[in-house]
Undergrad: 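Encoded as structure tokens, here's the structure I'll be asking about.
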Amino acid sequence: MRLFGWVFFKWSRKSLADGFFLLLLVGVTVVVTSIYVSREYTFYWWDYAGYNNATVELVNSFRESPDQALRAVIESLAKEKNLLISVPLVPFLLVFGDSRLSYILSVSLIYVLPFRLLLGAISAKLIPFDSRLVFWSTVAISLLIPMSWIPTLRGYLDTGGCVFLALAILVYLHDVKLKYWWQILLIGGSLAMAILFRRHFAYSAIAFLGAAILQVFIEFIILLKSRRDTALPSPQSRRDTALPSPQSGRDTALPSPQSRRDTALPSPKSGRDTALPSPKSRRDTALPSPKSGRDTALPSPKSRRDTALPSPQSGRDTALPSPQSGRDTALPSPKSGRDTALPSPKSGRDTALPSPKEKDTALPFPKEKDTALPFPYQYLFKSGVKLGLIAATIFVILILVAGDFTRSALTVDYRNLYVAWSLPVNDIITRYASFYGLGTWLLVMIGFSAGILTRILVPTTAIFVSLFGILSLIEWLLVLRYGYLHYTIHITPIALLGLSAFFWTTWLTFQGKVRYLMLGVAGLYLTVNAVLGLIPLKFDFSRLFVASFGPLVRSDYGEVVKLVEFLRKIAPNQEPIYIAGASNSFNANILKQANRKLNPPEGWWKLNTLGRPLIDSRDTYPLPELLMSRYVVVATPFQQVLLSDEQVLRPGEQDVVKVVYDAFTQNWEISRDFELLPEQFQLENGVLVRVYRRMHPSAIATAIKTLHAMQQQIGEKPGTQLDWISLNQSVYTSPNYSVTKEPHNLYHIVTHPNINSQKIDTSFLYLGSLSTKNTILGKLNLPNKQCQGVSLRLTLWNNQGKLINSSETVYNSTALPKLNLLIEGKNPNYLLLEVFSTNKQDLTNQCQLEINNLAISTQKS
């Protein structure tokens with residue numbers, strides 16, 4: 001009872017300590033998050049607001065109809081950004097409200113806290129010391145890395161994907177040879193969930209599998225080299241071996257099992273491992289006779305005093321056996337069930353690897369009848385199959401849960417689509433230096449290199465973690481080069497494990513003042529670095545320390561409020577307002593989010609600010625948005641994203657915004673369709689905002705000249721620009737945009753109604769190549785039979801807005817042949833297709849027109 005009571009008390013004391021540290025971690029998380037968020041005084045924008053808004057809307061949907069909310073989650077799985085990652089946050093927000101603080105706390109406690117704990121568990125696998133001390137020390141160090149806080153404090157919930165990534169790593173490190181089938185399923189499921197939560201974790205899955213594959217090849221090379229260099233024979237060979245034949249009566253380092261001569265290996269029958277031969281043996285021994293009286297490095301086996309090795313009869317374990325055993329083995333007999341380095345020669349195997357009948361062996365030797373491949377190649381094959389099963393598990397889960405997105409992801413060129421976010425190598429390296437501080441990276445490199453060289457780190461774990469870290473750095477710093485804050489969550493785990501390795505390698509390697517001096521200096525640096533990263537102070541330490549990512553505060557908060565209230569006043573019916581500026585301090589999304597904060601939930605969306613097109617490589621020409629806008633807001637100087645901003649783009653990727661700014665500041669013809677209002681607004685950093693109001697619609701000739709000027713200034717066609725565009729609708733604001741592209745470069749056009757109007761979209765402009773003779777092919781359809789008929793007008797224009805030629809054809813509902821129209825003209829640049837009603841009345845839904853398989857065939861005269 002006393003013993004059991006002591007064990008129970010010891011177990012309880014450890015549990016209480018763990019519980020205390022966990023509560024302390026929760027407390028620190030809540031306090032730091034609450035203080036930080038309460039200091040912010042701003043309007044959030046883009047990603048800083050997007051995830052928050054989506055989660056709050058999901059919470060409201062659950063309040064109203066859980067079934068409808070679940071359907072919304074399922075439908076979102078086909079999109080680039082889905083709602084699955086927001087689902088775990090819903091209960092927290094339902095209980096504590098949907099304020100900004102509640103949202104950030106929910107992410108911190110539900111995602112970030114488990115992520116820290118999982119990294120602590122991984123560190124305990126990496127550092128073979130007291131696992132509890134290593135675990136909690138790593139968790140404590142994670143609190144001193146600013147980038148473990150900042151992405152969440154900015155509103156990102158991507159750390160949810162990191163939880164599954166860390167879980168996959170932890171399960172893999174449980175046994176890197178993947179002996180257990182549940183490892184394959186759990187790793188594959190975890191990596192798939194990480195990708196489902198946030199798509200960019202596909203790159204982490206690639207790094208994970210790449211590191212595992214490289215580790216297998218490293219193990220394979222080591223095994224292959226070991227097989228070639230070993231002095232032990234092949235299991236099928238009894239020739240050319242460094243070990244003697246069991247039947248040879250010659251003197252060998254490992255004697256015949258039939259001989260009774262002194263041997264360096266024990267008898268399995270003796271049950272005792274001895275370092276000295278039997279005192280009864282006088283023949284063929286490598287050690288002198290204890291009666292010879294000669295000096296010997298080993299004591300007499302009869303002596304029980306002053307000896308470093310026990311008597312062979314003492315029953316203690318020793319390195320060498322009794323010579324009476326008659327068996328050549330350095331370890332107990334295989335029949336004993338113990339792991340052995342050399343099996344009994346009677347087993348028919350003279351190998352340094354254990355008997356295949358034994359359990360818990362790292363690399364069992366294959367039976368001859370089971371494989372025709374040498375052992376290293378069999379290991380390579382089996383490991384490849386296991387990793388292939390992990391990849392297959394990932395793919396199957398993605399197809400089953402998000403099949404539409406997965407199939408789309410396999411065909412979309414994301415590298416070109418998101419090239420605007422890919423910064424130059426020098427800039428991204430500089431940026432990541434400011435994310436962590438050069439001092440942090442120095443400690444990380446010292447930690448990994450010193451831990452590996454001193455062999456303090458567990459070799460297999462250190463190899464995988466190092467390979468995974470190297471591949472992740474290559475992906476994010478050399479290949480992708482995306483500079484947004486939330487992408488740092490792919491690098492933070494490597495930085496944390498490196499810091500933990502530094503502290504523990506220092507602790508286990510040095511002693512006295514040197515140890516405490518090194519740990520003290522490193523700890524002081526990390527503490528100062530963490531404080532500088534979380535407070536709004538600007539210091540220039542040549543990136544030795546992290547850059548400041550303090551709470552967001554707008555000095556022009558009141559002026560933004562005035563601007564939003566003015567826009568709501570002049571556009572009460574959701575009239576489109578084009579915002580000719582897109583920086584981190586002034587953009588359409590800031591005005592929309594300000595309106596959301598200032599007005600009740602049922603009315604905030606009534607401010608219709610157009611925030612796209614925004615980026616050259618991703619968006620389109622801004623002509624339709626400009627033509628449909630009733631107001632244009634211009635900020636001077638031109639507001640664009642800078643390399644020093646948190647939400648960053650590569651320079652020169654916002655020409656689709658700048659052309660509208662230039663149209664009004666350089667007095668393009670289209671700007672004359674607007675008048676400048678007298679109201680002005682002065683924002684921070686000397687930004688002056690003016691508002692223009694449309695006086696009359698822009699003519700087709702003006703629109704075409706504006707488009708040509710845009711093409712000349714932007715250069716390469718924007719990333720998602722189609723050959724056909726609508727002049728009456730925006731692809732970013734219309735829920736059912738009129739133009740869609742089909743396979744084989746064919747198009748589908750539908751005359752959908754315009755927003756806030758019964759009139760339908762009637763004008764479509766072709767931007768592709770034209771020639772002297774142009775044939776328009778397609779198939780017409782009038783879904784509503786009540787429509788009497790439609791008229792199609794085709795006009796050719798040059799880039800100066802001059803009409804070259806036109807033709808018009810009438811179609812009625814009873815006879816709708818395939819479209820086959822020819823229009824000719826000299827040197828045309830643009831083709832305009834217009835739809836009219838045959839009864840000369842305004843078109844409505846009653847005369848909705850569809851054109852399927854629309855194509856342009858060109859030929860020279």
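Position 1 is the first residue of the sequence; numbering continues from there.
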Undergrad: Give the minimum heavy-atom separation between Arg199 and Glu80, together with the two atoms involved.
TA: CG-O, 3.2 Å
Undergrad: Does NZ in Lys382 sit with more than 12 non-hydrogen atoms of other residues, nucleotides or ligands closer than 6.0 Å?
TA: no
Undergrad: Assess whether a salt bridge exists between Glu646 and Arg154, defined as any Lys/Arg side-chain N lying under 4.0 Å from an Asp/Glu carboxylate O.
TA: yes
Undergrad: Is there side-chain contact between Leu387 and Ile213, with heavy atoms separated by less than 4.5 Å?
TA: yes
Undergrad: Testing the 3.5 Å rule here: is there a donor-acceptor pair between the side chains of Thr492 and Tyr436?
TA: yes
Undergrad: Under a plain distance cut-off of 3.5 Å, with no hydrogens placed, do Tyr51 and Arg198 share a side-chain donor-acceptor pair?
TA: yes
Undergrad: With heavy-atom distances below 4.5 Å as the criterion, would you say the side chains of Ile222 and Ile218 are in contact?
TA: yes
Undergrad: Show the nearest heavy-atom pair for residues Glu219 and Thr460, with the distance to one decimal.
TA: OE2-CG2, 4.0 Å
Undergrad: CD1 of Ile489 to CG of Asp158: how many Å apart, nearest 0.5 Å?
TA: 4.5 Å
Undergrad: Quick one: do Ser137 and Trp504 satisfy side chain to side chain donor-acceptor pair (under 3.5 Å)? Show the steps, please.
TA: CA-CA 9 Å; Ser137 65; Trp504 283 104; 2.9 Å; yes
Undergrad: For the CG atom of Leu480 and the OH atom of Tyr487, what is their distance to the nearest 0.5 Å?
TA: 8.5 Å
Undergrad: Leu89 vs Tyr103, test: side-chain contact (heavy atoms from CB on, under 4.5 Å). Steps then yes/no.
TA: CA-CA 8 Å; Leu89 311 180; Tyr103 166 73; 4.2 Å; yes
Undergrad: Do we see a donor-acceptor contact under 3.5 Å between the side chains of Arg116 and Ser148?
TA: yes
Undergrad: Determine whether the aromatic ring centres of residues Tyr172 and Phe208 are separated by less than 6.0 angstrom.
TA: yes
Undergrad: May I ask you to check whether His490 and Ser472 show a side-chain donor-acceptor distance below 3.5 Å?
TA: no
Undergrad: Does a side-chain N-to-carboxylate-O contact under 4.0 Å join Arg554 and Glu40?
TA: no
Undergrad: Is Asp645 reaching over with its side chain to a backbone N or O of Val648, donor-acceptor style, under 3.5 angstrom?
TA: no
Undergrad: What about the rings of Trp476 and Tyr203, do their centers lie closer together than 6.0 Å?
TA: yes
Undergrad: Give the table of side-chain donor-acceptor pairs shorter than 3.5 Å for residues 444-457, with sequence neighbours excluded, one pair per line with atom names and distance.
TA:
from, atom 1, to, atom 2, distance (Å)
Ser449, OG, Met445, O, 2.7
Ser449, OG, Ile446, O, 3.3
Thr454, OG1, Ala450, O, 2.6

Undergrad: Would Phe197 and Phe164 count as a ring-ring contact (aromatic ring centres under 6.0 Å, His included) here? Give the steps.
TA: CA-CA 9 Å; Phe197 268 25; Phe164 288 100; 5.3 Å; yes
Undergrad: Is the Tyr482-His200 ring centre distance short of 6.0 angstrom?
TA: no
Undergrad: About how many Å separate CG of Leu77 and OG1 of Thr406, when rounded to the nearest 0.5 Å?
TA: 9.5 Å
Undergrad: Looking only at side chains, do Trp136 and Asp18 share a donor and an acceptor under 3.5 Å apart?
TA: yes
Undergrad: About how many Å separate CG of Leu209 and CG of Leu471, when rounded to the nearest 0.5 Å?
TA: 10.5 Å
Undergrad: Are more than 12 heavy atoms, taken from residues, nucleotides or ligands other than Trp182, located less than 6.0 Å from that residue's CH2 atom?
TA: yes
